[in-house]
Q: 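Attaching a single structure in structure tokens format; questions to follow.
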Amino acid sequence: MEELHIIKSLQAKTVEALRNCYELEESPDSILINFTKKEFDGEYTIVLFPYVKRLKQSPQEIGTKIGDYLQENHDFVKSYGIVSGFLNLSLSNSYWHNILLGINDADSFGHKPKNGEKILIEYSSPNTNKPLHLGHIRNILLGHSCAEIYEAEGYDVIRTQIVNDRGIAVCKSMYAWQEYGNGETPESSNTKGDHFVGKYYVLFDKKFREEYQSWQSSDEAKEVLINNIKDGQSDEAFFNNYKNQYFNSFSKIGKATSSLLKKWEADDAETVALWKKLNGWVYDGFNVTYDALGVAFTKLYYESDTYKLGRDVVNQGLEKSLYYKLEDGSIWVDLEDAGLDKKILLRSDGTAVYMTQDIGTAMQRYQDFNVNKMVYVVGDEQNYHFKVLFEILKRLGEPYADGLHHLSYGMVDLPEGKMKSREGTVVDADDLIKEVITEAAYAAKDSAVLNELNDESKSEIYRKIGLAALKFQILKVGATRRMTFDPKESVDMQGTTGPYIQNAFVRIQSILRKIDENEGASDYGDYILNTDEIHLLRTMANYPDVISNAASEYDPSIVAQYVYGLAKQYHKFHHDFRIIGAESESAKWFRISLIKEIAKILESSINLLGIEMPERM
RNA sequence: GGUCUCUUAGCUCAACUGGAUAGAGCAGCUGCCUUCUAAGCAGCAGGUUCCAGGUUCGAGUCCUGGAGGGAUCACCA
């Protein structure tokens, strides 16, 4: 369906015009074509400035020549107008009819055929010691949406995570549960598993602080204080700083926790069983949240499996003298010629650091899936880490090194400022999901349409609407941007929101339900489109490019802006024009096929954001 | 302090990657439901695009300097 690619086609015709009129060879991509501003006539605008100097003619002259050429040689160009340096083209009525037919014929308009390429996308990747929060939601939605977008673009997509299931944090929950839990379980306490384990993580912290507090008045503490305090430092400031050292050197429960970690690393059966039990609860909890958000994964990677990966690769790098070894045995890579620093890859005791694991994991994934592209959806606080990782993989000559991308998204702030777990301002994912659904139900309480439905259908609709509000609010913001999330706005259902878009779809469905399909569409080929219809078709025809653009930018907000724009255009059209009661039979049937396709594109594009359409609302 | 990054209407965000008079939503004010779903539409008001220079036909967008926020500079992950 090349004909549907209006801009590409116009670029090609413009190249042809420049060649035939001026013997000027231009590449199609260099021809700048925009949507015509609404205050001027026309649909597409060719920017003429670039040729003014080279052709030594005025924009008026160049525009006239190209305009005349296009009009004479390509009958789909109906007319043109020149305003300052812009050549505005109007396309013919039959051309727009063909566009609509083409969209209708397309199997799944906007989606590209399989291109045989694979892409792996890593997202979510939580720690297993506390429940998911608002920050994870942004991560998950971005990752899931990118996966959908790449699938639409023709890729095979592997959705994955690296679950941070090991380390001292997990052991804290384990210790606290063992010590204070009295055998309590998520079932016995009727608590979601991740929240249950998170409770013990918090409890650990509380117990530790209590222990630390009382230790501070001991003789031992006084001695430490006298020997280590800096001039001018208050006792309080000293102890605040000393927390980690206390944990490692003096704390009873700190020692107990470290010993759990050592036993875990030594594969102690009892410890591993405890670890598995708690992590199992956490996973049960996470899965509930993933289900609620409608996301799933192809394969999960666990740090407990991968944390030893990468070490032998480091030794290989050492042999190729990509890396060097210090006297203490630690191994480093020097990336200063790439504008980066020196980075440790193996500790002096021979154990791996985070970077090493990531090298090993990337290789593992390549082995597992033979992918040429890998995307990491990780917050922008790790920008430097990924620069280094990608540079190292490049130097190792990994075959996928050019296909690596860090989808670096900005942190989510609240109107009051940053989320801080210490101050209890972290927005819990499950609470938030529940809240938006409740709010959607509340907003619908007076809806005559919905009140006719049974409870099950109603709550399904509330779920779709509430999640749409939440997801759209997050995804409409450019992925790399830091964003402010106002919970009050997330339950807003008016304006630039998910429900606004759903409503456009629902209004179409409502009309289509009233159509008697048996009546049969009369031929509407002679129907003369009005400006609003042409502009709708122009937006619709742009959908494939929007997907491609969103994919190459790794940015779902491009799709979000698009689908909002289409919904907005439709709402106005719906308000201004009658469809069933149109002024003529041909207008009626043209509009019916038009809105059918609008509905399909609205649904298809909002699905790329992980949002579902209700039939009624 | 070094490096990276951000700053657009009262608030939250756009601006097709250098193109026409910088656009939406929210909040505020005003209209429009016996007519296909008003979770809608239309209107009013709101701007020195942080500041100062530079590049060119043309700058919110590019370059330099400055101000203010954020991130990061571990043998943590």
Side-chain angles (χ1 to χ4, degrees), chain A residues 7 32-37 39-40 45 47-50 52-53 59 83-86 88 127 164 166-169 244 303 307 326 328-332 339-341 344-349 351-355 357-358 379-385 387 408 410-411 413 415 418 440 443-444 447-450 465 469 473 476-478 480-486 488-489 492-504 506-515 542 545-546 549 553 557-558 561-562 564-565 568 570-582 595 616-617:
Chain A
I7 291 186
L32 186 56
I33 296 182
N34 297 326
F35 284 5
T36 303
K37 296 255 168 206
E39 50 269 43
F40 303 106
T45 295
V47 183
L48 300 171
F49 293 109
V52 171
K53 209 180 228 175
V83 182
S84 61
F86 301 93
N88 302 325
N127 296 347
N164 183 3
R166 60 174 279 276
I168 197 74
N244 279 336
E303 268 196 24
Y307 80 110
L326 292 185
D328 64 5
S330 58
I331 296 176
W332 297 70
L340 303 166
D341 295 305
I344 188 161
L345 294 177
L346 279 186
R347 298 191 187 102
S348 46
D349 64 3
T351 55
V353 294
Y354 182 42
M355 187 66 68
Q357 287 178 54
D358 271 2
D380 61 10
E381 67 222 341
Q382 293 197 43
N383 282 353
Y384 185 74
H385 171 79
K387 268 191 194 169
S408 160
M411 296 290 102
D413 292 326
K418 296 173 71 167
S447 162
V449 180
L450 292 187
I465 297 175
Q473 198 203 353
K476 72 180 177 186
V477 180
T480 59
R481 280 182 72 99
R482 192 180 184 96
M483 68 175 285
T484 303
F485 180 92
D486 188 341
K488 287 203 289 291
E489 277 176 32
D492 216 337
M493 314 268 159
Q494 264 109 39
T496 317
T497 65
Y500 173 92
I501 296 160
Q502 290 176 318
N503 186 232
V506 162
R507 292 175 100 180
I508 294 176
Q509 298 315 307
S510 172
I511 293 173
L512 295 179
R513 251 180 261 123
K514 293 185 166 64
I515 303 296
N542 198 223
D545 281 353
V546 170
N549 198 227
E553 298 292 321
S557 78
I558 293 171
Q561 298 296 147
Y562 172 80
Y564 170 70
K568 190 175 161 65
Y570 177 73
H571 274 304
K572 180 167 172 50
F573 182 72
H574 181 96
H575 177 268
D576 289 350
F577 298 93
R578 306 244 87 217
I579 290 154
I580 293 174
I595 68 172
R616 298 163 212 266
M617 65 193 290

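Note that the structure is predicted; figures quoted are calculated from it, not measured.
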Q: So if I take every side-chain heavy atom of M483(A) and compare against C36(B), C13(B), A77(B), which nucleotide ends up nearest?
A: C13(B)
Q: When you measure from the side chain of H574(A), which nucleotide among C76(B), C36(B), U12(B) comes out closest?
A: C36(B)
Q: Please tell me which of the listed nucleotides, C41(B), U56(B), A71(B), lies nearest to the side chain of K572(A)?
A: C41(B)
Q: Check the distance between C36(B)'s C1' and I511(A)'s CD1 and give it to me in whole angstrom.
A: 4 Å
Q: I'd like to check the salt bridge (charged side-chain N to carboxylate O under 4.0 Å, His left out) partners of R507(A); sequence neighbours left out, ordered by chain and number.
A: none
Q: What does V353(A) touch in the nucleic acid at a heavy-atom separation under 4.0 angstrom: a base, only the sugar-phosphate, or nothing?
A: sugar-phosphate
Q: Reading nucleotides 16-33 of chain B from the 5' end, what letters show protein touch, with B for base, S for backbone sugar-phosphate only, - for no heavy atom under 4.0 Å?
A: -B-BB---SS--------
Q: Can a donor-acceptor pair be found between the side chains of Y354(A) and E303(A) at a distance below 3.5 Å?
A: no
Q: Can you measure N383(A) atom CG to C6(B) atom P for me and round it to whole angstrom units?
A: 10 Å
Q: Taking any heavy-atom pair under 4.0 Å as a contact, classify N164(A): base, sugar-phosphate, or nothing.
A: sugar-phosphate
Q: Base, sugar-phosphate, or nothing for F577(A), non-hydrogen atoms under 4.0 angstrom?
A: base
Q: Quick one: M411(A) CE to A71(B) P, roughly how many Å, whole number?
A: 9 Å
Q: Could you please name the option among A77(B), A71(B), C36(B) that lies closest to any side-chain atom of I580(A)?
A: C36(B)
Q: Please list, chain by chain and in numerical order, all residues satisfying ring pair (Phe, Tyr, Trp, His ring centres under 6.0 Å) with F573(A), sequence neighbours excluded.
A: F577(A)
Q: So what does the secondary structure string of RNA chain B come out as, 5' to 3', with Watson-Crick or wobble pairs under 3.5 angstrom, [ ] for crossing and | for pairs with another strand?
A: (((((((..((((.....[...)))).(((((.......))))).....(((((..]....))))))))))))....
Q: Across the strands shown, which category fits A444(A) at heavy-atom distances under 4.0 angstrom: base, sugar-phosphate, nothing?
A: base
Q: Taking G58(B) as the reference, what is the distance to G2(B) when you measure between their C1' atoms (whole Å, please)?
A: 37 Å
Q: Write down the distance between CD1 (I331(A)) and C1' (A74(B)), rounded to a whole number of angstrom.
A: 18 Å
Q: Are there any protein N/O atoms within less than 3.5 Å of an N/O atom in nucleotides 7-9 of chain B, and if so, which ones and at what distance?
A:
none

Q: Using atom CG of D413(A) as one end and atom C1' of U12(B) as the other, report the distance to the nearest whole Å.
A: 13 Å
Q: Ignoring hydrogens and geometry beyond distance, is a side-chain donor-acceptor pair present between D341(A) and Y384(A) at under 3.5 Å?
A: yes
Q: What is the distance from CD of Q357(A) to P of A77(B), rounded to the nearest Å?
A: 7 Å
Q: Are any protein N/O atoms closer than 3.5 Å to N/O atoms in nucleotides 67-69 of chain B? If there are, list each pair with its distance.
A:
none

Q: Base, sugar-phosphate alone, or nothing: which one does I465(A) contact when heavy atoms must sit under 4.0 Å apart?
A: base
Q: Any side-chain donor-acceptor pair under 3.5 Å between N88(A) and T45(A)?
A: yes
Q: Report the distance from atom CG of L340(A) to atom P of C73(B), rounded to the nearest whole Å.
A: 13 Å
Q: In terms of side-chain heavy atoms of D576(A), which of C36(B), C41(B), C76(B) is nearest?
A: C41(B)
Q: Could D492(A) and K488(A) be called an ion pair, given the rule that one side-chain N must be under 4.0 Å from one carboxylate O?
A: no
Q: Between A39(B), A71(B), A14(B), which nucleotide has the shortest distance from any of its atoms to the side chain of Q561(A)?
A: A14(B)
Q: Nearest whole angstrom, please: distance from the C1' of A71(B) to the CD of Q382(A).
A: 11 Å
